Colleague: 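Structure below; questions to follow.
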Amino acid sequence: MWWASGSLVLVTFASALQLVVAYKPLSDDTLKHRLPLPETADFDIHTGNLLAPILIPRVPGTPGSQKVLKHFVDFFRTALPTWTVSFQNSTSKTPTHGDTDVPFVNLIASRDPPWAQPGNVGRLTLVAHYDSKYTPEGFIGATDSAAPCAMIMHAIRSIDAALTKKWENMQTQDDIDLEFEEDKGIQVLLLDGEEAFKDWTATDSIYGARSLAEEWEHTMHPATSIYRSPLDSIELFVLLDLLGSPENLQIPSWQHSSHWSYVRMAEAEQRLRQLGMFKSNPKHTWLPEKNKKDTDRFSSYVMQDDHIPFIARGVQVLHLIPSRFPSVWHTINDDAEHLDIPTVEDWALLTAVFAAEYLELDDFFESLPTEHIKGRRALTSKTEL
Ligand SMILES: *[C@@H]1O[C@H](CO)[C@@H](O)[C@H](O)[C@H]1NC(C)=O
Ligand SMILES: [Zn+2]
């Protein structure tokens, strides 16, 4: 991502449609005893099932990129077999590759209510880019955005069973007429080609996101659908970027139209901290602008990132990127060793909570196996000391 240079383009849609969807906070009991927590087995930088395989160079069109893509596909096939996985591919010339077309592969994974017509499902959409920068050679991009990809993987895996249960429950209840229920699903976009090959410009950056937004705008659902196109089906585009640094990096509320969702996530952050469920530095607050007023300044278009082609087409975006970048940003030091794993795990947990609350899953989490609860108690008592 990049700060827009020159004059700031501040667009304020005073009359923008404020789409506020249903949202139900998880109870303390669910948070403490039922929601699966991130584990070392997933986030260790050398052996972690989710994170470690992403911590390699993954420049578009290279074997590293294919390896990471395979890691994602294997994850869905084994851990989330009910999800639908597809790709959206494109090619482009770049300033560094002359006449060669560089391939870009976006991974799209989604899960809809089993009875729903695809054109009638509004989807919470969790997004991160998985490509890494072309230079410097060997660049890993651990915060940018290997860690955010792993956070999203954890989040969807930890809510998947509850989602199944909620939908089974809806299908068996006599008093629910599914025809009149709001069909809400979830999807994940792991995007390619976010990074510029040379210098960030409108044409040398966000290759995958530009291609996907354009294609989805013109892919029409059947005429009787509630949502016109897959683009239109995105209820909220939640973009994670540059997360997992040990530094105290705060995230402003960037968009007026999605401020309601920022507030919800900030409230979830606060509750997780109060319940002693975070492992990272307790002095940090990631989302400090909960009380920002409607009349305050929202710097919407300042931050260039994968959301730009979507927000330009009217998609509502919650952009989770700090205003001050990690000090290792775009250097060879943005590597595994410079991640703060407690911070990565806490972000994974917060993302899971946000998704569970957005999809109103509080009643559908099962009690965890005993060893999870033991682990949790150890964690809680440690932080309570
Ligand atoms: C897109 O690229 C992926 C990865 O290379 C490949 O597996 C897939 O078949 C391609 N999809 C299409 C529709 O071309
Ligand atoms: Zn970057």
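Order of appearance sets the numbers: ligands from 1, and atoms from 1 within every ligand. What's counted below: heavy atoms across the whole structure, side chains too, no hydrogens, waters or symmetry copies. This one's a predicted model, so the numbers in the text were calculated from it and none came from an experiment.
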Colleague: Check for a donor-acceptor pair, side chain of Gln250 on one end and backbone N or O of Pro288 on the other, with a separation under 3.5 Å.
Modeller: no
Colleague: With the Zn ion (ligand 2) as the reference point, give the N/O/S atom of His330 that is nearest.
Modeller: NE2
Colleague: Please name all residues satisfying side chain to side chain contact (heavy atoms under 4.5 Å, CB included) with Asp296, sequence neighbours left out, ordered by chain then number.
Modeller: Lys292, Lys293
Colleague: Can you list, by chain and residue number, every protein residue with a non-hydrogen atom closer than 4.0 Å to ligand 1?
Modeller: Phe87, Asn89, Val105
Colleague: For Pro25, check side chain to side chain contact (heavy atoms under 4.5 Å, CB included) against everything at least two apart and list the hits.
Modeller: Tyr23, Arg264, Arg271, Glu357
Colleague: Return the set of residues passing side chain to side chain contact (heavy atoms under 4.5 Å, CB included) with Ala196 (not counting sequence neighbours), or none when no residue passes.
Modeller: Trp200, Asp204
Colleague: Is there a side-chain contact between Trp216 and Ser233 in this structure, where contact means two heavy atoms from C-beta onward sitting under 4.5 Å apart?
Modeller: no
Colleague: Specify which N/O/S atom of Glu195 comes nearest to the Zn ion (ligand 2), by atom name.
Modeller: OE2
Colleague: With the Zn ion (ligand 2) as the point of reference, which N/O/S atom of Asp144 is the closest?
Modeller: OD2
Colleague: Taking all non-hydrogen atoms of both residues into account, name the closest pair between His284 and Glu269 and its distance.
Modeller: O-OE2, 4.3 Å
Colleague: Hey, which of Leu189, Ile206, Leu212 is the one that makes side-chain contact (heavy atoms from CB on, under 4.5 Å) with Asp306?
Modeller: Ile206
